[in-house]
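Shown next, in structure tokens, is the structure this report addresses.
Proteins get letters first, then strands, A, B, ... in listed order; numbering begins at 1 in each.
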Amino acid sequence: MLKIHNSLSGQKEVFTPIEPGKVSMYVCGMTVYDFCHIGHARVMVVFDMIARYLRHSGLDVSYVRNITDIDDKIIARANENNETISELTERFIVAMNEDSDALGVLSPDNEPKATLHMPQIIEMISTLIDKKHAYVGNNDVYFDVSSFENYGRLSGKNTEELRAGERVEVQQEKDDPLDFVLWKAAKPGEPSWASPWGEGRPGWHIECSAMSTHCLGNHFDIHGGGQDLQFPHHENEIAQSVCSTGEEFANVWIHNGFVRVDEEKMSKSLGNFFTVREVLQKFQPEVIRFFILSSHYRSPLNYSIDNLEEAKSALNGLYTALRDAPVDAAGEPIKKTIDEFNDCMDDDFNTPKAIALLHELARDLNRNSDKSSKEAAELTVTLRYLGTVLGLLQDDPQTFLQAKSDSSTDDLDEVAIQNFIDERVAAKSAKDYEKADQIRDHLQSLGISLEDTPQGTIWRRN
RNA sequence: GGCUGAGUGGCAGAGUGGUUAUGCAGCGGUUUGCAAAACCGUGUACCUCGGUUCAAUUCCGGGCUCAGCCUCCA
């Protein structure tokens, strides 16, 4: 029985889909004006893991992750670069897809773009105005926060406290400082769309309300995103959606924790971010994915080279077990282990606990000296199968363990390495251990480790 | 100031009202020409002060510390 921590209640709740057997999930995606950093990677990986697990549980999942391709920062960046906004956004959408592919993130079922949903956005704003939840002020359109009594429910805030904590200059056009913009009148030179309120473009919050309800219906199961979107973005989405449709919005809100650097949130504004492609220079993509999944999705995740190195060592261990496992392993995964795995994951997607199970499988497999045994085959199949559910262990083990990265100091190809190995094997059989050790030390100094096994000498990159 | 969340062994990171997390690193052993990999063994961990209890790291309350939100942010 799957339980999910719902930000709306602050508690783990038994998950009951609106329509039995089906799940509709919307996740706030990227604003495409720059490369994805590790914080973005976490969102992509976490919700990919969730979608995979829901499917593994037999649910028919509709997963939507939007792309924000029009906003202030996009306009500003395009101007800086002297390119059109579509040139800029297309470029970074390609980059984002490269990053997510590398991380083993499966494509969502739908990736709606804000610029392609102007009719839905404008319609929703019109409805809000008709229902007196929004007003026009100086060609902008604002949402009237006081018209929605449940405002603050998701973020645990109330409107008085928010007013007291108000730190932003009040804009004249707003009736209330808490009101937020639905439609911005175009400034000269800015891209714009025609609307009943003149040329302009949508505010950030309304696009997600319009796209989520358009793609999944007014009332859907899960809405997700980073913790920093809980307020005001998600709070505003609820207000807009509920007020325009008159129906419930998302049943369950899932927020993933931040990535930190030196105990501080990784963010653009602090400048302490590492882009995915930057980290990929040093680590294999699966190491990043493993690192992300080895802590619970709601906990903070401390980014550091040491922690990535540790993730790499742990993942190496899993792949080493698979490397030495029966090649032709076939059969059914072990039911008892699958059940244990499901119990971990049913408890609010406890991936660290699930990964501990993977390590136990690897140990049992290593312990099993008879690789042709039925047990060894079962353990192998189970380990691979559970890896699939988490989007891990999909590589060929040998390929993974021998993969080159930018931190590799050698420029040897497989043939060259094999030549060294052959030379050493010859020295060994001639009992010339000094020479054999020299060769091994030489390769080790280049980051290549040798292992003598009964089947011959094999190698890996450190 | 208001509101969240968190403080676990050298490090990372789960979990639990009394019983082994798991990983990385270390130490001892098996194995090896020596290694590596692997396996076996090895850690008297739960911020602090009170309370509840036969029993609390786990529940409750105070304190301290940290992070986040209250402005764009995944």
Side-chain angles (χ1 to χ4, degrees), chain A residues 7 10 27-31 36-47 65 68 71-73 152 155-158 160-169 177-178 180 204 224-233 235 255-260 263-270 273 290-291 294-296 298-302 304 306-318 320-321 323-324 344 347 350-360 362-369 401 428 431-434 436-437 440-441 444 449-454 457-460 462:
Chain A
S7 304
V27 172
C28 289
M30 261 46 79
T31 301
C36 291
H37 64 227
I38 299 297
H40 300 115
R42 191 174 192 190
V43 180
M44 293 197 282
V45 168
V46 161
F47 286 98
R65 190 185 65 206
T68 296
D71 96 320
D72 290 351
K73 275 174 294 211
S155 52
K157 300 178 189 308
N158 65 56
E160 278 93 79
E161 281 166 7
L162 282 166
R163 288 195 185 95
E166 191 63 52
R167 290 199 262 150
V168 176
E169 267 180 61
L178 296 185
F180 54 91
W204 176 39
Q227 216 165 46
D228 46 0
L229 300 187
Q230 193 165 331
F231 188 90
H233 184 55
E235 197 70 71
H255 292 102
N256 67 275
F258 296 125
V259 176
R260 293 190 196 167
E263 301 302 319
E264 245 183 348
K265 175 184 169 184
M266 178 182 289
S267 72
K268 287 272 168 75
S269 48
L270 287 167
F273 62 91
F290 187 88
F291 167 64
S294 55
S295 75
H296 186 87
R298 284 190 287 113
S299 306
L301 179 65
N302 249 351
S304 76
D306 283 354
N307 289 350
L308 280 165
E309 292 284 2
E310 189 191 311
K312 181 183 167 182
S313 299
L315 188 55
N316 272 350
L318 259 21
T320 303
R323 179 194 64 183
D324 302 333
C344 299
D347 185 15
N350 193 335
T351 54
K353 207 172 170 185
I355 286 174
L357 219 50
L358 262 41
H359 286 296
E360 283 168 26
R363 189 198 52 213
D364 289 347
L365 186 53
N366 286 331
R367 215 166 6 196
N368 210 307
S369 51
L401 293 168
K428 269 194 358 165
K431 297 250 191 287
D432 184 353
Y433 292 122
E434 201 181 323
D437 290 353
R440 190 173 61 196
D441 291 348
Q444 186 62 57
S449 298
L450 299 188
E451 293 168 38
D452 294 330
T453 76
T457 301
I458 51 177
W459 62 276
R460 67 165 73 191
N462 296 331

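Residue A:Met266 is classed as a base contact, given a heavy-atom separation below 4.0 Å to a base. Using a 4.0 Å heavy-atom distance criterion, A:Lys268 is classed as making no nucleic acid contact. Nucleic acid contact for A:Gly257: base, since at least one base atom lies under 4.0 Å from a heavy atom of the residue. The residue A:Val259 sits close to a base: some heavy atom pair falls under 4.0 Å. Here A:Asn256 lies in heavy-atom contact (under 4.0 Å) with a base. Nucleic acid contact for A:Ser449: none, since no nucleic acid atom lies under 4.0 Å from a heavy atom of the residue.
A:Ser369 meets the side chain to side chain donor-acceptor pair (under 3.5 Å) test with no other residue; sequence neighbours excluded. Under the rule for a ring pair (Phe, Tyr, Trp, His ring centres under 6.0 Å), the partners of A:His37 that lie at least two apart in sequence or sit in another chain are A:His40, A:Phe273. In terms of the side chain to side chain donor-acceptor pair (under 3.5 Å) criterion, residue partners of A:Arg65 (sequence neighbours excluded) are, by chain and number, A:Glu111. Remark: A:His233 pairs with A:Trp204, A:His205 by the ring pair (Phe, Tyr, Trp, His ring centres under 6.0 Å) rule, at least two apart or across chains. Residues satisfying the salt bridge (charged side-chain N to carboxylate O under 4.0 Å, His left out) criterion with A:Glu451, sequence neighbours excluded, are A:Arg323, A:Arg460. In this structure A:Lys428 satisfies the salt bridge (charged side-chain N to carboxylate O under 4.0 Å, His left out) test together with A:Asp452, sequence neighbours excluded. Take A:Arg367 and apply the side chain to side chain donor-acceptor pair (under 3.5 Å) test, not counting sequence neighbours, and it matches A:Asp364. Partners of A:Asp228 under the side-chain contact (heavy atoms from CB on, under 4.5 Å) rule, at least two apart in sequence or in another chain, are A:Phe258, A:Lys265. Take A:Arg440 and apply the salt bridge (charged side-chain N to carboxylate O under 4.0 Å, His left out) test, not counting sequence neighbours, and it matches A:Asp437.
B:rA45 and B:rA35 have their P atoms separated by 32 Å, with the value rounded to a whole Å.
In this structure, A:Arg163 contributes its side chain and A:Pro177 its backbone to no donor-acceptor pair below 3.5 Å.
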Give me the distances for all protein-to-nucleotides 39-42 of chain B N/O pairs that come in under 3.5 Å?
from, atom 1, to, atom 2, distance (Å)
B:rC39, OP1, A:Asn366, ND2, 3.3
B:rC40, OP1, A:Arg367, NH1, 2.4

Check: protein-nucleotides 30-33 of chain B nitrogen or oxygen pairs below 3.5 Å:
from, atom 1, to, atom 2, distance (Å)
B:rG33, O6, A:Arg424, NH2, 3.4
B:rG33, N1, A:Asp437, OD1, 2.9
B:rG33, N2, A:Asp437, OD2, 2.7

Anything under 3.5 Å between a protein N or O and an N or O of nucleotides 15-17 of chain B, put it in a table, one pair a line.
from, atom 1, to, atom 2, distance (Å)
B:rG15, OP1, A:Asn350, ND2, 3.2

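A close approach under 4.0 Å does occur between a side-chain nitrogen or oxygen of A:Ser299 and OP1 or OP2 of B:rA14.
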